[in-house]
Q: 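For reference, the structure I am asking about is given below.
Note on naming: letters A, B, ... go to the chains in the order of the sequence lines (proteins, then strands), and numbering restarts at 1 for each one.
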Protein chains: 2
Amino acid sequence: MNKRRITSKELAKLAGVSSATISRAFSPDSRIGSATRDRILSVAREHGYQPNAIARSLNNQRSRLVALVVNAIGNPCEAEEQQLLVHRLQARQLLPIILCCADHDDRLQLMRLASTYQVDHVVVFSDMVSMQDAVDIFHTTKPIIVSFEPLENENVSNIRIDGSAAADEIIEKIVNDGKKRFAYLSGTKSSWIDKLRRKWFADALAKRGLAIEAEAFGDYTYDSGFKEAVLLLHRSKVDAIICGNDVMAIGARDAARRMLGKNTPDDIAIVGQDGIAMAAWDCNDLTTLSLDHVAFIDAVVDLIERHDADLPGPHSITLTCNARWGSTA
Amino acid sequence: MNKRRITSKELAKLAGVSSATISRAFSPDSRIGSATRDRILSVAREHGYQPNAIARSLNNQRSRLVALVVNAIGNPCEAEEQQLLVHRLQARQLLPIILCCADHDDRLQLMRLASTYQVDHVVVFSDMVSMQDAVDIFHTTKPIIVSFEPLENENVSNIRIDGSAAADEIIEKIVNDGKKRFAYLSGTKSSWIDKLRRKWFADALAKRGLAIEAEAFGDYTYDSGFKEAVLLLHRSKVDAIICGNDVMAIGARDAARRMLGKNTPDDIAIVGQDGIAMAAWDCNDLTTLSLDHVAFIDAVVDLIERHDADLPGPHSITLTCNARWGSTA
DNA sequence: TCCGTTTGTGTAATCGTGTACACAATCATG
DNA sequence: CATGATTGTGTACACGATTACACAAACGGA
């Protein structure tokens, strides 16, 4: 109970070998007699010995830690991907360290802290940190950086997301349904990914001689979707709202119904983005521009593995989004 | 670009001092000349030097890592608490390592892996690992273990949750509304916390000469709530369903409405548990037995700090739940 | 002026592994 | 049987920081 963790040298004494042999017993491809190994492993089990990963990391120059830079854990718009990625990392004996940007005032300091732990990889989901900052902070330890935002840098691999075709499909349908006046409800004021998403829809509208008439900015939460939709619908007569993510879309839908008595899809069309599981729930049944989460995380893991294998140069993968049809548009 | 991280000895040479002095420059309460410190810090900034946390941890016997054992990241029933805790840990310069149990086949092996990283603390949110296993795996490194489940062990502090009064209030109201036949939809087949929650409601029913008539088991997800509610309502004539968490309650509500045309609260009463933000959304408006997340995480952080201060003995904190009234019961 | 205290710095050991190197023992081969 | 390859193990150092100890310089009080 509460005893100090046993060290390799102590175990060596117990097993009547040198500490080097202990180490070899735990390294799969070492020159060691199988009898010795079995004996050591059994003594180790008996005393609860496990090699100290901190010491091993120091020696190896390989921590097996991965930093995940995210906006928040709670928000479903990222959570499903986080869950998937964590699962895949764990299966590879990599441990994720979560860096939560949303309510941390000094995100750079947070990233610097993580970088002192010599993480092997960094995955940036968050659009609250600039990619350049991430590179500046982590480049000294040479991790891979996986991110949405393309950046010309030999250490940064990225995953491009293309939703233009799906946005076009969605706009096509809404326009065919007779809607003409579109609003865009952004998730953030200045993020790169948000601007990109907005452009997909703006382009699809422009193709049909239409434009985004009204605009609002939330923060990816239900409450902000609700509040901004109310303001939006009071100050302009739009009949379609494209939202920066699904959660805000649900908020906007509720606001339209509750505060203005407008129902989807007849009075107003509402579109989300992300394609989270909740969007498909019976009570929501959202039309949304959706990204295949599994494919996305496959891509991230793929990049990580390429980097682990020391393949040179940054890599880039492009994924395309699909429309998911619900009853809100 | 891509250059190796500079080491304390190298920086020492650049600054014309010994590596010990470098270390002192980065330790707030060291005997060091302020001129020397300033010079070192400036040279350090110039070369991007930061002390290596892995090496420091090895020396210190203190990693500043905290293992969070959770079921899943995505599921909102835990996500809000996780988010809060991560935020609080980061503010204390502690880094969270997430261990996700839900879809990992060998949870014990996962915990053993984390324990080799010499984490300072362990917080067990998950009800998928037995507390005894957690203690066995982590006791050698003497971390605090914070958990729901009380366990007689000098290393385990826990947080007791008492929802009996709130459950009583909720049952009172439902019974007053004329409902008589109750079902309980569990989140898991065998978890400690689930049995406790069930008991709160069972006791409140027993007090009024009633009992749980029908029972089903899901897995804390919307889909399982939906599916199990359908089966439940087909095989028994209950007019109230108490659910193991809010997400399943939303699923059950949707199932009742969509598959059987039964609406809340007139045809059927539905109650959730957790009090997640989504439960209060306009489209859900769930009646739920809710726990104050902030108070809960305050308690966790409190326990962690007591342990950091090396206060002896395990600690125990009890929190009580409240009823949150919505339109589903 | 002299001695005790404080201040600032360097030296060397330590934390717990992994591994290059050395060396003895065993084995294969002619 | 001689020789070279292979196998198994120990010794010693490296990884990059922290820190106990030693010591010189500066300082203060009598």
Q: Which part of the nucleic acid, if any, lies within reach of A:Tyr49 when heavy atoms closer than 4.0 Å are counted: base, sugar-phosphate only, or nothing?
A: sugar-phosphate
Q: Has A:Ser19 got a side-chain N or O lying under 4.0 Å from the OP1 or OP2 atom of C:dT17?
A: no
Q: Just how far, in rounded Å, is P of C:dG16 from CZ of A:Phe26?
A: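 It works out to 16 Å between those atoms.
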Q: Less than 3.5 Å between a donor and an acceptor, one on the side chain of B:Arg24 and one on the base of C:dG10, is that the case here?
A: yes
Q: Give the ring-plane orientation class for B:Phe125 versus B:Phe296, where under 30° counts as parallel, over 60° as perpendicular and anything between as tilted.
A: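 Aromatic pair B:Phe125/B:Phe296 classed tilted.
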Q: Please classify the nucleic acid contact of B:Thr21 as base, sugar-phosphate, or nothing, using heavy-atom distances under 4.0 Å.
A: sugar-phosphate
Q: State whether B:Ser23 places a side-chain N or O below 4.0 Å from either non-bridging phosphate oxygen (OP1 or OP2) of D:dA17.
A: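 For D:dA17, neither OP1 nor OP2 has a side-chain N or O of B:Ser23 closer than 4.0 Å.
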Q: Tell me the interatomic distance from A:Lys13, atom NZ, to C:dG16, atom P, rounded to whole angstroms.
A: 14 Å
Q: Is A:Arg62 side chain donor-acceptor paired with the C:dG18 base, going by distance under 3.5 Å alone?
A: no
Q: Output the rounded distance in Å from CD1 (B:Ile22) to P (D:dA17).
A: 9 Å
Q: Would you say B:Gln109 and A:Gln93 are linked by a side-chain donor-acceptor pair, where the criterion is simply a distance under 3.5 Å?
A: yes
Q: Is there a ring pair (Phe, Tyr, Trp, His ring centres under 6.0 Å) between A:Tyr117 and B:Tyr117? Walk through the geometry before answering.
A: CA-CA 11 Å; A:Tyr117 280 80; B:Tyr117 280 80; 10.0 Å; no
Q: Is there a residue in residues 51-59 of chain A whose heavy atoms reach under 4.0 Å of DNA chain D, and which residues are they?
A: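 Result for residues 51-59 of chain A: A:Leu58, A:Asn59, sorted by number.
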Q: Does anything in residues 31-39 of chain B reach DNA chain D, meaning a heavy atom under 4.0 Å, and if so which residues?
A: B:Arg31
Q: Enumerate the residue pairs fulfilling salt bridge (charged side-chain N to carboxylate O under 4.0 Å, His left out) with a member in residues 52-62 of chain B, sequence neighbours excluded, ordered by first and then second residue.
A: B:Arg62-B:Asp308
Q: Can you measure B:Gln118 atom CD to D:dA17 atom P for me and round it to whole angstrom units?
A: 19 Å
Q: If you measure from CD on B:Glu46 to CG on B:Leu14, what distance do you get to the nearest 0.5 Å?
A: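 CG of B:Leu14 is found 8.5 Å from CD of B:Glu46.
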Q: Using only side-chain N and O atoms of A:Gln61, determine if any of them is under 4.0 Å from OP1 or OP2 of D:dA14.
A: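 So the side chain of A:Gln61 is outside the cut-off, no N or O lying under 4.0 Å from OP1 or OP2 of D:dA14.
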Q: Side chains of A:Glu78 and A:Gln83: any donor to acceptor distance under 3.5 Å?
A: no
Q: Quickly work out the B:Arg64 CZ to C:dC15 P distance and round it to whole Å.
A: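 After rounding, the gap between these two atoms is 22 Å.
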Q: To the side chain of B:Ser8, which of D:dA17, C:dT19, D:dT19 is closest?
A: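 Between D:dA17, C:dT19, D:dT19, the one nearest the side chain of B:Ser8 would be D:dA17.
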Q: For the atom pair CG (B:Leu68) and OG (B:Ser126), what is the distance rounded to the nearest 0.5 Å?
A: 11.5 Å
Q: Just checking, is any N or O donor in the side chain of B:Asp194 or B:Thr188 under 3.5 Å from an acceptor N or O on the other one?
A: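 B:Thr188 and B:Asp194 do not have a side-chain donor-acceptor pair below 3.5 Å.
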Q: Specify the residue among B:Ser18 and A:Lys9 whose closest nucleotide of DNA chain C lies further upstream toward the 5′ end.
A: B:Ser18
Q: Between A:Leu11 (CG) and C:dG18 (P), how many Å, whole number?
A: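 In whole Å, C:dG18 P lies 12 Å from A:Leu11 CG.
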Q: With a 3.5 Å cut-off and no angle check, do the side chains of A:Ser316 and A:Arg160 form a donor-acceptor pair?
A: yes
Q: If you measure from the Lys or Arg side-chain nitrogens to the Asp or Glu carboxylate oxygens, is any gap between B:Arg107 and B:Asp133 under 4.0 Å?
A: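 The answer is no: the pair does not qualify as a salt bridge.
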